[in-house]
*Asks:* 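Following this message is one structure expressed as structure tokens.
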Amino acid sequence: MRTPLVIGNWKMHGTVAEARALAGALRDGLKRPRGVEVAVCPPFTALPAVAETLAGTPIAVGGQNCHWEDTGAHTGEIAAPMLADLGCRLVLLGHSERRREMGETDEQIARKVAAALRHNLTPVLCVGETAEERRQGLTFTTVEGQLRAGLVGLEPAAVTRCVLAYEPVWAIGTGVNATPGQAAEVHGYLRGLLSEVTSKEVAQRLRILYGGSVKADNADALMAEAEIDGALVGGASLTGPGFIAIVRKAARGAASRGE
Ligand code: 13P
């Protein structure tokens, strides 16, 4: 029903030459991915080279962030139309590293989501609780606040054009992934909320990806969960074979569930 989506978030890694080589490996290794959609989000500096390498392939390219304004005096920022101009089709927004390191607020993230939609980019809205929030039993409260704030003011038709990513902060880059059960529980909660703020139909159509220490050896178990519609992969997306293995497992997981 929902085609799984696997996105590689390359974060702040790689020269242009390295990015081009990795994109080339994905192009050659994923000629006709079946039953799965694939995207990569390189650093801004590598976007033109990666977009050029992947032109004409089914692998989409995205940005890791954008500003909420379309243009203007915002030193060091990148606008959504600039990403669209380079051939990007999606953009990650509200990643926990940006919330934590740059102090991004829910309000700014909502404006970024709107900017992405204005320029026909798929916003990938990231939500997730810290270890402390989980310990205090605040997981649902935290992700609910981030979800409601990130999508505030959007018509259901606009929400349908978004992708959600559940990335528990404690699982990012730690090697400790959420268990399939823990992830599925939060995904189910988020889908219930989406159904409340939009409609059951929209909620059923929206993809919710899991991110946080996804690797080839835990992808099977995570992707076997009906509520997990793909993965947002950090570290393991930095090598061709590792990322390709995850993509194949996501496609197989959906196929085995009859999707
Ligand atoms: P890791 O896969 O390195 O844990 O990173 C996850 C992530 O933050 C993807 O956006």
Side-chain angles (χ1 to χ4, degrees), residues 4-14 18-19 22 26 37-44 46-47 50 59-66 83 88-102 104 109 112-113 116 121-131 133-134 139 142-143 146-147 150 162-180 182-183 186-187 190 207-223 225 228-250 253:
L5 169 63
V6 179
I7 304 176
N9 174 8
W10 296 359
K11 306 193 180 183
M12 196 173 72
H13 291 288
E18 285 162 348
L22 179 51
L26 300 181
E37 289 174 20
V38 186
V40 292
C41 298
F44 292 132
L47 273 174
V50 171
I59 305 171
V61 178
Q64 296 176 15
N65 175 42
C66 71
L83 295 178
C88 287
R89 303 229 303 269
L90 64 145
V91 59
L92 307 181
L93 295 172
H95 193 283
S96 65
E97 284 152 12
R98 296 201 56 84
R99 291 179 191 262
R100 190 181 64 232
E101 293 182 7
M102 315 296 160
E104 277 192 14
I109 293 160
K112 291 173 182 221
V113 169
L121 296 168
T122 298
V124 181
L125 174 64
C126 306
V127 301
E129 82 287 1
T130 62
E133 286 162 341
R134 178 163 279 263
T139 298
T142 304
V143 296
Q146 292 169 337
L147 177 77
C162 300
V163 168
L164 269 190
Y166 169 56
E167 296 208 308
V169 178
W170 48 271
I172 296 178
T174 58
V176 182
N177 58 289
T179 64
Q182 283 174 321
V186 179
H187 285 220
L190 290 170
R207 285 178 291 196
I208 307 179
L209 316 183
Y210 167 76
S213 298
V214 176
K215 297 183 219 62
D217 56 10
N218 59 23
D220 271 330
L222 286 161
M223 299 303 142
E225 290 290 339
I228 302 181
D229 306 316
L232 180 49
V233 188
S237 71
L238 294 174
T239 68
F243 188 63
I244 290 167
I246 294 169
V247 169
R248 298 225 162 98
K249 289 178 179 204

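Positions are given from 1 along the sequence. Note that the structure is a prediction, hence the values are computed from the model and not measured. As the structure lists them, so they are numbered: ligands from 1, and atoms in each ligand from 1.
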*Asks:* Pull out every atom of ligand 1 sitting under 4.0 Å from any heavy atom of A171, numbered as shown with elements.
*Replies:* 4 (O)

*Asks:* Please find the pair of heavy atoms, one from G62 and one from L47, that lie closest to each other, and give the distance.
*Replies:* O-CD2, 3.5 Å

*Asks:* Restricting to ring-ring contact (aromatic ring centres under 6.0 Å, His included), what partner residues turn up for Y210, sequence neighbours left out?
*Replies:* none

*Asks:* Please compare K215, K11, H95 and report which has the shortest non-hydrogen distance to atom 10 (O) of ligand 1.
*Replies:* H95

*Asks:* Just distances here: any N/O of G173 and N/O of ligand 1 closer than 3.5 Å?
*Replies:* yes

*Asks:* Which bit of N9 gets closer than 4.0 Å to ligand 1, counting heavy atoms only: side chain, backbone, both or neither?
*Replies:* side chain

*Asks:* Side chain or backbone, does E97 bring an N or O within less than 3.5 Å of an N or O on ligand 1?
*Replies:* no

*Asks:* What is the closest protein heavy atom to atom 2 (O) of ligand 1, and at what distance does it sit?
*Replies:* G234 N, 2.9 Å

*Asks:* For atom 9 (C) of ligand 1, grab the closest protein heavy atom and report residue, atom and distance to one decimal in Å.
*Replies:* E167 OE2, 2.9 Å

*Asks:* Should we count CZ of R134 as having more than 12 external heavy atoms under 6.0 Å?
*Replies:* yes

*Asks:* If we only consider heavy atoms of G212, is any one of them less than 4.0 Å away from an atom in ligand 1?
*Replies:* yes

*Asks:* Evaluate the side-chain proximity of N65 to F44: yes if any heavy-atom separation is below 4.5 Å, no if none is.
*Replies:* yes

*Asks:* Students should be able to answer this: which protein heavy-atom is nearest to atom 3 (O) of ligand 1, and at what distance?
*Replies:* G235 N, 2.8 Å

*Asks:* Who pairs with T130 by side-chain hydrogen bond (donor to acceptor under 3.5 Å, both in side chains), at least two apart in sequence or on another chain?
*Replies:* E133

*Asks:* For a quick check under 3.5 Å, do H95 and Q64 share a side-chain donor-acceptor pair by atom type?
*Replies:* no

*Asks:* Please state whether S96 comes within less than 4.0 angstrom of ligand 1, counting heavy atoms only.
*Replies:* no

*Asks:* State, to 0.1 Å, how close N177 and A171 come at their nearest heavy-atom pair, and which atoms those are.
*Replies:* CA-CB, 4.2 Å

